[in-house]
> 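One structure coming up, written as structure tokens, with questions to follow.
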Amino acid sequence: MTRSRKQLLEARGVHVAFGGIRALGGVDLTLRSGQILGLIGPNGAGKTTMVNVLSGFQRPTEGRIEMDGVDVSALSPRRMAQAGVGRSFQAARLFRDLTVEENLAVAGIGTGLSGRLAAERARDILDWIGYAGRHDQRCDSLSYGDERRISIARALALHPSFALLDEPASGMNDAECDALMAVISGIPGRFGCGVLLIEHNMKVIMGVCERIHVLDGGRSLAEGTPQEVRHDPVVRRAYLGEKASNDAIAI
Ligand code: ATP
């Protein structure tokens, strides 16, 4: 199946409220094809809610999501995946009694690929991500770090125009983080998609992102290059408090 590549995934004036709680309060964000955009912010800033809205898991209370200018705010997660949005989750959510290849193939079939093509694509992604020779491993025997890598691979198996990765480095050790950075950096070149990366690990964020969008309390605080964001006094204050606002964000 060939699906046209999308160039832009945009949030326009997105609000999300859960009862009286404002998770997002009017956020504009643009993810471009081929770009790695970081999404950072303190706990509760609204990062996961933004990923949920961009992938159809949450409808905006106000505002809209556009893909190449078309309003896709009302699409289901499945339709968003078919339209070009792949995501990974904080909890890996793999089919634990299936193999890694089967997990990826199921994702590919869900986008309309035949079983044979989905399996071929699954093997190709697994080899690229460092799983050559381990395609038949069952997911209930994966280490934590491997589980997170397979979760990224499964997002890529959706053949996305945009891959949204929610805290992929969480719980990883330094060596696993370094390997992960190499994988994420390689995604746009290898798969031709844009990447939105939520991460608390500043080394990973600063190391792989071309631009970084900062949320705080459901609002956009700043967006810029890693250097710009790192030295932005408003961002430093949000992360480190007033006293530390003269220091750059520690990485
Ligand atoms: P973290 O870094 O801790 O994962 P986050 O930046 O991803 O945080 P969100 O998980 O998007 O933040 O949460 C934003 C706000 O919305 C928080 O106050 C959170 O408690 C609230 N929230 C998120 N999901 C729900 C929900 N389903 N019901 C009620 N409140 C929610």
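For ligands, and for the atoms within them, numbers begin at 1 and follow the listed sequence.
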> Is the shortest distance from a heavy atom of Gln58 to ligand 1 less than 4.0 Å?
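In this structure, Gln58 fails to qualify as a contact of ligand 1 - no heavy atom is under 4.0 Å.
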
> Among the heavy atoms of Arg22, does any lie under 4.0 Å from an atom of ligand 1?
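No heavy atom of Arg22 comes that close to ligand 1.
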
> For atom 18 (O) of ligand 1, tell me which residue out of Val53, Asn52, Ile21 has the closest non-hydrogen atom.
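Looking at heavy atoms only, the winner is Ile21.
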
> Looking at non-hydrogen atoms alone, which of Glu199, Lys47, Glu167 comes nearest to atom 2 (O) of ligand 1?
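Nearest heavy atom to atom 2 (O) of ligand 1 lies in Lys47.
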
> Near Ala45, which atoms of ligand 1 are under 4.0 Å from a heavy atom of that residue?
5 (P), 6 (O), 12 (O)

> Check His200 against ligand 1 and report side chain, backbone, both or neither, counting heavy atoms closer than 4.0 Å.
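For His200, the contact with ligand 1 is made by the side chain alone.
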
> Please report which non-hydrogen protein atom sits nearest to atom 11 (O) of ligand 1, along with the residue it belongs to and the distance in Å to one decimal place.
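Answer, as residue, atom name and distance: Thr49 OG1, 2.5 Å.
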
> Looking at every non-hydrogen atom in both residues, tell me the closest pair between Leu54 and Met80 and how far apart they are.
O-CE, 3.0 Å

> With a 4.0 Å cut-off on heavy atoms, does Gly41 reach ligand 1?
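So Gly41 does not count as touching ligand 1.
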
> Please check atom 26 (C) of ligand 1 for a protein heavy-atom neighbour under 4.0 Å.
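Flag for atom 26 (C) of ligand 1 set to true, protein heavy atom closer than 4.0 Å.
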
> Heavy atoms only: which of Asn43, Leu24, Thr48 is nearest to atom 10 (O) of ligand 1?
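Considering heavy atoms of Asn43, Leu24, Thr48, the nearest to atom 10 (O) of ligand 1 sits in Thr48.
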
> Hey, is ligand 1 close enough to Gly46 that some N/O pair sits below 3.5 Å?
yes

> What residues join Leu98 in its hydrophobic cluster, counting side-chain heavy atom gaps under 4.5 Å, either direct or through other members?
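The other cluster members (ILVMFWY side chains, heavy atoms under 4.5 Å, direct or chained) are Phe95, Val106.
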
